[in-house]
Amino acid sequence: MIDLRALRDDPDRLRASQRARGEDDAVADRLLDLDSRHRSALTRFESLRAEQKSAGRSVSSASPEEREPLLAAAKTLSSQVKEAEAEADRLAADLSGVLAEVPNIIEEGAPAGGVDDFTVLDKAGAPRELGFTPRDHLELGELLGAIDMDRGAKVSGARFYFLTGVGAMLELGLLNMAMQRAAANGFTPMIPPVLVKPETMGGTGFLGEHAPEVYHLPADDLYLVGTSEVPLAGYHANEILAADALPHRYIGWSPCFRREAGSYGKDTRGIIRVHQFNKAEMFVYTTAERAHEEHLRLLGWQREMLDLLELPYRVIDTAAGDLGTSAARKYDCEAWVPTQGAYRELTSTSNCTDFQARRLNIRYRDPEGKPRFATTLNGTLATTRWIVAILENHQQADGSVVLPEALRPFVGREVLEPVGAKG
RNA sequence: GGUGGAGUCGCAUAGUGGCCGAGUGCGCGCGCCUCGAAAGCGCGUGAAGGGAGACCUUCCGAGGGUUCAAAUCCCUCCUCCACCGCCA
């Protein structure tokens, strides 16, 4: 949710942001109009209410003979107050309805445009010269006895899979490595609930344009999270945090569930795009002043993981139209996938400014003791998808995969060897 | 799943329709006192919104309702505690 008072002072900021995102900039005027109508309705209600309260008090202190006319007047006021309140409530609902649709205002510097208008900020590590025809991650996964898509489909349907044997161990090792590194960097490890209430899901901004992506359990009115960002953002909802405790840095490990609606036919092979996967996610609460440098720090920790796993990747500055509802700025790291000849997203880090904090009512005390909305940031530190890049980039001609050194202690072996066909 | 009890200002508590427009204690802040401190005394001490301001409105777990008037009465829900049943 954006700041209405800031909008009153400078509506052009929202207009410019909307244009950069390729969205309607007239919402600014609709908001301003609703806002001023709401405020005058509110003022009317409040003064009537004040009058009613004093009228009520005069009834209680009146002598029996004065009582009757005072009571009649109070009754009249009471119905006027109800009416005025209903009008103010109606306008407040209209206003928050429009407000709920408005995405965050982009950070200065974010490239304008859509999905393909990103800026490449950096490239790291060159793709290996293989000297043989690379196998894709699924072929390798089957050869290594690590991935079983067929039985995933048998049990749960398309886009489900089993990680088997070394595949299971590889994922555990990878995620554990991420958790350990984050903990060493001062993050608090968290294993959060993955079913959340509507206000938590809505508060993080996922029930807007992303709503069709989200699994919903109608019997309990709970949502399955697509990332632990959701419960970690809800963790401090409706709290006022002590300023000297900031930043709060959490590293969450959770399964993530995504319906992948609208991506039919895309990435249907293997585990690149699946309905359920695991993820280690960094989540930070801090102040507006410190947010930008924290964002770069999150990116730094992501790059460190990718470097340790010896993966070639590039860093992109996502364009405004591809930021999603909550983010003001987003950097993605994309790893090289040899069989696709392309870079594919492995990490994403977003600065959500105070957008989520407003919806979830997360504040801290500034040095003057006044509550202010916090800034939230998040970033991937490892996911199941990383297995794709690890297998493909570190494969050998015989189908074995030599694990990067930093990962070995977490997986408990140096090389993943092909197993005989076992069905 | 069932039954009973509870949820009030940072914490603890008072409050069973109008004197609650929320008291008191602790904590915290400022001041007096003191060489300095403790004790003592005095003053202050939540959030949100509107207004240039004086000030006004809302918030007693959440949401509805009754009433001229609700922390207080009624309904629904949530959370916690206790017990019963079932269960990985």
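Any value given below was found using the heavy atoms of this structure, including those in side chains, with hydrogens, waters and symmetry copies removed. By convention in this document, chain letters (A, B, ...) are assigned in the order of the sequence lines, proteins followed by strands, and residues within each chain are numbered from 1.
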Listed in order of residue number, which residues of residues 82-105 of chain A have a non-hydrogen atom at under 4.0 Å from RNA chain B? none

Separation of the C1' atoms in B:U72 and B:G65, to the nearest angstrom: 15 Å

Roughly how many Å apart are B:G36 and B:G31, using the P atom of each and rounding to a whole number? 13 Å

Of A:Arg39 and A:Arg372, whose nearest nucleotide on RNA chain B comes first from the 5' end? A:Arg372

Atom CZ of A:Arg303: over 12 foreign heavy atoms under 6.0 Å: yes

For A:Ser348, is there any backbone N or O sitting under 3.5 Å from a side-chain donor or acceptor partner on A:Thr380? yes

Which part of the nucleic acid, if any, lies within contact of A:Arg5, taking any heavy atom under 4.0 Å across all strands shown: a base, the sugar-phosphate backbone alone, or nothing? sugar-phosphate

Rounded distance in Å - CG (A:Asn238) to P (B:A48): 13 Å

Applying a 3.5 Å limit to both distances, which nucleotide forms a Watson-Crick or G-U wobble pair with B:C87? none

B:G10 pairs with which nucleotide, Watson-Crick or G-U wobble, both distances below 3.5 Å? B:C26

My understanding is that a pair needs two contacts under 3.5 Å, Watson-Crick or G-U wobble. By that rule, which nucleotide pairs with B:U3? B:A82

Please output the side-chain donor-acceptor pairs of residues 109-116 of chain A that fall under 3.5 Å, not counting sequence neighbours, one pair per line with the distance.
none

Within a reach of under 6.0 Å around CE of A:Met169, are more than 12 heavy atoms found that belong to other residues, nucleotides or ligands? no

Only pairs with both distances under 3.5 Å count, Watson-Crick or wobble alike; so what is the partner of B:G31 in this structure? B:C41

Taking atom P in both B:C74 and B:G7, what distance in whole Å separates the two? 14 Å

What do you reckon, is CZ of A:Arg39 surrounded by more than 12 foreign heavy atoms closer than 6.0 Å? yes

What interatomic distance, in whole Å, is found between C1' of B:U8 and the corresponding atom of B:C80? 16 Å

B:A48 P sits how many Å from A:Arg363 CZ, rounded? 5 Å

Round to a whole Å and report the spacing from CG of A:Asp3 to P of B:G49. 9 Å

Using purine N1 to pyrimidine N3 plus N6-O4 or O6-N4 for Watson-Crick, or N1-O2 and O6-N3 for G-U wobble, both under 3.5 Å, which nucleotide pairs with B:A71? none

When the distance from CD1 of A:Ile240 to P of B:U45 is rounded to whole Å, what number comes out? 17 Å

Can you see if the side chain of A:Arg365 gets near the phosphate of B:A47 - specifically, an N or O under 4.0 Å from OP1 or OP2? yes

Using a 4.0 Å cut-off on protein heavy atoms (strictly under), produce a 5'-to-3' string for nucleotides 52-59 of chain B with B for base contact, S for backbone-only sugar-phosphate contact, and - for none. ----BBS-

RNA chain B nearest-nucleotide lookup for A:Leu42 and A:Ser78: closer to the 5′ end is A:Leu42

Should B:A47 form a Watson-Crick or G-U wobble pair with both distances under 3.5 Å, which nucleotide is its partner? B:U58

With rounding to the nearest 0.5 Å, note down the distance linking CD1 in A:Ile251 to CZ in A:Phe187. 6.5 Å

A:Lys75 side-chain proximity, nearest of B:A47, B:C68, B:G50: B:C68

Say we look at B:C55 and B:U66: how far apart would their C1' atoms be, to the nearest angstrom? 32 Å

Main-chain N/O of A:Val415 paired with A:Arg408 side-chain donor or acceptor, under 3.5 Å: no

So, is A:Gln52 close to the B:C68 phosphate, meaning a side-chain N or O under 4.0 Å from OP1 or OP2? no

Distance check, P atoms only: B:G29 and B:A22, in whole angstrom units. 25 Å

Might you confirm whether atom CD of A:Glu108 has over 12 heavy atoms from other residues, nucleotides or ligands at distances under 6.0 Å? no

Partner lookup for B:U66, please. Criteria are Watson-Crick or G-U wobble with both distances under 3.5 angstrom; report none if nothing qualifies. none

When you compare B:A71 with B:G61, how far apart are their P atoms, in angstrom units rounded to a whole number? 10 Å

Test log, rule side chain to side chain donor-acceptor pair (under 3.5 Å), inputs A:Lys279 and A:Ser228: CA-CA 8 Å; A:Lys279 178 151 72 111; A:Ser228 55; 5.9 Å; no

Would you say the side chain of A:Leu172 lies within less than 4.5 Å of the side chain of A:Phe410, judging by non-hydrogen atoms? no

Take a 6.0 Å sphere around CD of A:Glu83 and say whether it holds more than 12 heavy atoms from other residues, nucleotides or ligands. no

With P as the reference atom in both, quote the distance from B:U16 to B:C11 in angstrom, rounded to an integer. 23 Å

If pairing requires Watson-Crick or G-U wobble contacts with both distances under 3.5 Å, which nucleotide is the partner of B:U16? none

For the side chain of A:Lys197, counting heavy atoms from C-beta on, which of B:C78, B:A69, B:A48 is nearest? B:C78

